[in-house]
Amino acid sequence: MSRTNAIIPSLTQGKPRLAAFGQRFLNGVIRYTLMILLALLLFGAILLISGRNPLHSYRDMLTSTLGSAYGFSEVLVAMTPMLITALAVALPSRLILINVGVEGQLYMGACFATWGALTFRDWPAWCLLPLMVLLGMAGGALWAFMPGYLRARGIVNETITTLLLNSVAPKVVSFFIFGFWHSPMDTDKTASFVPAARLPTFFGTRVDLSLAIALVLLALFWWVMKSTRWGLEMRAIGGNPQAARRNGLPVSTYLVVVMCIGGAIAGLAGMAQVSGYYGLLLNNFSRGTGYMGFLISWLSFGDPLGILLTSFVVAVIFTGGNLLQLTQGLPFAVINILLAFTLFVVLARPTQAVIALKGAYGSEPKP
Amino acid sequence: MPDQSHQGSAQTPFIAMREITKTFPGVVANDQINFDVYRSEIHALLGENGAGKSTLVKILYGYYRADAGRILLDGKPVSIRSPQDARRANIGMVFQEFTLIPALSVAENIALFLPELPAVLNRREIHRQIQALSERYELHVDPQVMVAGLSVGERQKVEILKLLLSNARILILDEPTRVLAPHEVVALFRVLDHLRQDGYAIILITHKVKEVLQCADRITVLRAGRVAGSLPRAEADEGKLVTLMFGRELVGPKAGRQKARDEAVPPLLELRGVETRAEGAETSLKGIDLRVYPGEIVGVAGVSGNGQRELGDIVLGMIRCARGKKLLFGEDLTHASIGTVRRRGVAFVPEDPLTMAAVPFMTVLENMALTRTWHYARSGGFRVDWQAIRSDVQDAMGRFGFSFPLYAPARALSGGNLQRMTIVRELAHGPRLIIASYPTRGLDVQSAIAARQALIQARDDGAGVLLISEDLEELFALSDRLIVLYGGRIVGTFRPEETDAYTVGHLMTGAEVQHV
Ligand SMILES: Nc1ncnc2c1ncn2[C@@H]1O[C@H](COP(=O)(O)OP(=O)(O)OP(=O)(O)O)[C@@H](O)[C@H]1O
Ligand SMILES: [Mg+2]
């Protein structure tokens, strides 16, 4: 009989709400710091058992990632696809659509974009890149349309279909690579793209334009949800689908369109991977980027700021882990242990975060 | 078996709530309330919507925690910090929304609530106990049947049995009669009376003054979070209670029948041979022919579950016609979307606002915008004009004489305020056709009058109203024409002045004569 909803953190007056929000934010920071410390402690034990000095390892990890401009740029490079794929999950999740299919959508985006890059190789960058972006988004959207449509018609749940399609998409990519696109030297990848098909990079690092796009998209997501008509309607559908329908909102259309937009964002991530990071299309190039995005989105409860922070932390762990592998001779799998610990301690406290999320979007601008 | 010895002297209240204060952001829901309940007493709590009745009993049940104040049990202070504590103190509550699990049987639902649930269920023993209690108090339900298949009245019996079996001695019932048909209300009061004789203390919340006078021993009236008065039944009468509740006497709605209808006017709504296919617990409609003309209130009588919800839904477009045609405002909208239907001027007041009309976590103001987002969008949708929404809402609130907080999340509203919100939203923009399901459910007397007045006003302005209700008095008072639904069919059409409650009640229950 006991219910968690007895106390509602929503207020009618402006001032206490602001103060309450500040309080909650501070609590959040403290809690997350504690959680990360706990994860580091647990992982330290593992390091000790395997005969390494955890303090040295952590110091190496930190200096190699946040201690130098180059290290930091590598963190940003690792973070970029996480941001985009997390957004591809977060947007549909606002309508209680569970998009597990980012991985597949990303492959299709990469596939479509590669076709553009290979076919229109003579075009100048200013038309080729936008074309590739559009193609990538179209590919991802197409891959998300099927699950979205089936769900909207009430035929199959999108969780299952998106997941199943994930194993199909890489096969489609392989088919095109092996059959048509592979370079004369290799069978499992295309030739390097022409420079016009590459995303521009910044300051001689590997950080490319897709980071800026990701940040803009995140900000856009936040603003759309908060201020626009469509955000209002989506929040209503996510908050009570039945009432939304009875109030005359086009719920089915929203389900399909939002699923497609989610897919398009995932496709954009795929395009950014081939055009920015790799510069070519490689068989099985993405090892779970889409699933990582899924995790990050759910860990941060689809909140844009949370996605940014979580992606950053995960990226630090990944890049730092790469280095541990080199300097300490640890297998890369060990990094997954650290990641798992982090997820574990974060997930151990879900209720608080849920309440925080519900408060965060429950308001409209004050007159 | 409940023990019948009266512990404590007759002077010590069983439960005494002292100086209970509870504030929610922006409202003082309970302001230093003193409230006593004695053994063998039915104590009614009255008060207008948002007065703080539910809050007070939720504090007693440990669902909310008071900011200040004490609770005494038999004169001794107790600390009730959770519903578990309350149950340990033999306090039980039936919520406004029932808390049964539909997929389980009656016996399983009751067993789940037992104070000590053994690891292995002794079904026979539980059945025996249920049987014994239901015999004693005329709470007849089959313990083996699934809750999903029960009517509201039966579910309520299960809720009460559940409390009795868990040894509750103080029963809190928050608006138990809200969803009951008249004959079920009578049955409930018989049960309560019997329980009172056995020494139970009962706290009863209701908005119907008549019911209170019928069964309560003592009546406490709350107004704006304070006790406006507390008097024994003998000293109470309707006028006194209403004055205590609102600070003044009330005037009923000016009904005034519709003028003779101009037969040449085309109907606003026309259903031609409409049939639906039922899914799950729905009732399928069969061969519905119905017309609603401008300036007419068509009352739909029927025991709930006989197709009322489906009738409303078919007009709105929530469910599909399997056969037949739906014409709205002369246009064939059989397959149109709800969005289209609403834009043409159809308003819909559903029977259960929290699940069917409102988004609980959004503020009231946001909820008010949801049926007309297209109207309030600016810059092609990039902006929403909250200023306009607010002034529209405030204007409508003034017109209907309703007020409720605008910036609280919908789920924080009291039951009646939520209903007011829905009515204001649906009627604010001059709809041409109004589907109103149980529009006065959960409203206090004054608000109910205002809501009826609003419907009459809409009719006089030329709108058509399809009024779905179980309250025959309301139907007879408001309707220009009355239809009776039974088993998904229209089994009778009347002018109210040409028939009486007996005939209609007779038709509502199929062929059986109903003894109320
Ligand atoms: N959880 C909550 N958060 C914020 N405000 C609340 C909450 N619960 C109740 N309130 C406010 O407290 C006041 C009293 O509410 P309560 O539910 O006790 O009224 P009530 O007397 O039961 O009314 P009704 O007859 O409409 O059910 C209302 O103004 C309501 O908006
Ligand atoms: Mg209430």
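Residue numbers start from 1 in every chain, and the chains themselves are labelled A, B, ... in the order their sequence lines are given, proteins ahead of strands.
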Looking only at B:Thr355, B:Asn367, B:Thr340, B:Leu316, the option with the highest number of non-hydrogen pairs under 4.5 Å against chain A is B:Thr355

Comparing B:Ala357, B:Pro360, B:Pro353 against chain A, the one with the most heavy-atom pairs below 4.5 Å turns out to be B:Ala357

Contact part of [X] toward chain A, heavy-atom cut-off under 4.5 Å: side chain, backbone, both or neither?
X        : value
B:Arg372 : neither
B:Thr373 : both
B:Phe348 : side chain

Between [X] and [Y], is any pair of side-chain heavy atoms under 4.5 Å apart?
X        : Y        : result
B:Leu406 : B:Gln394 : yes
B:Arg342 : B:Glu426 : yes
B:Val384 : A:Ser227 : no
B:Asp392 : B:Met368 : no

Cut-off 4.5 Å, heavy atoms of chain B, and the answer for A:Leu249 is side chain

Quiz prompt | Flag for A:Asp303-A:Ser300: side-chain donor and acceptor within less than 3.5 Å | solution = no

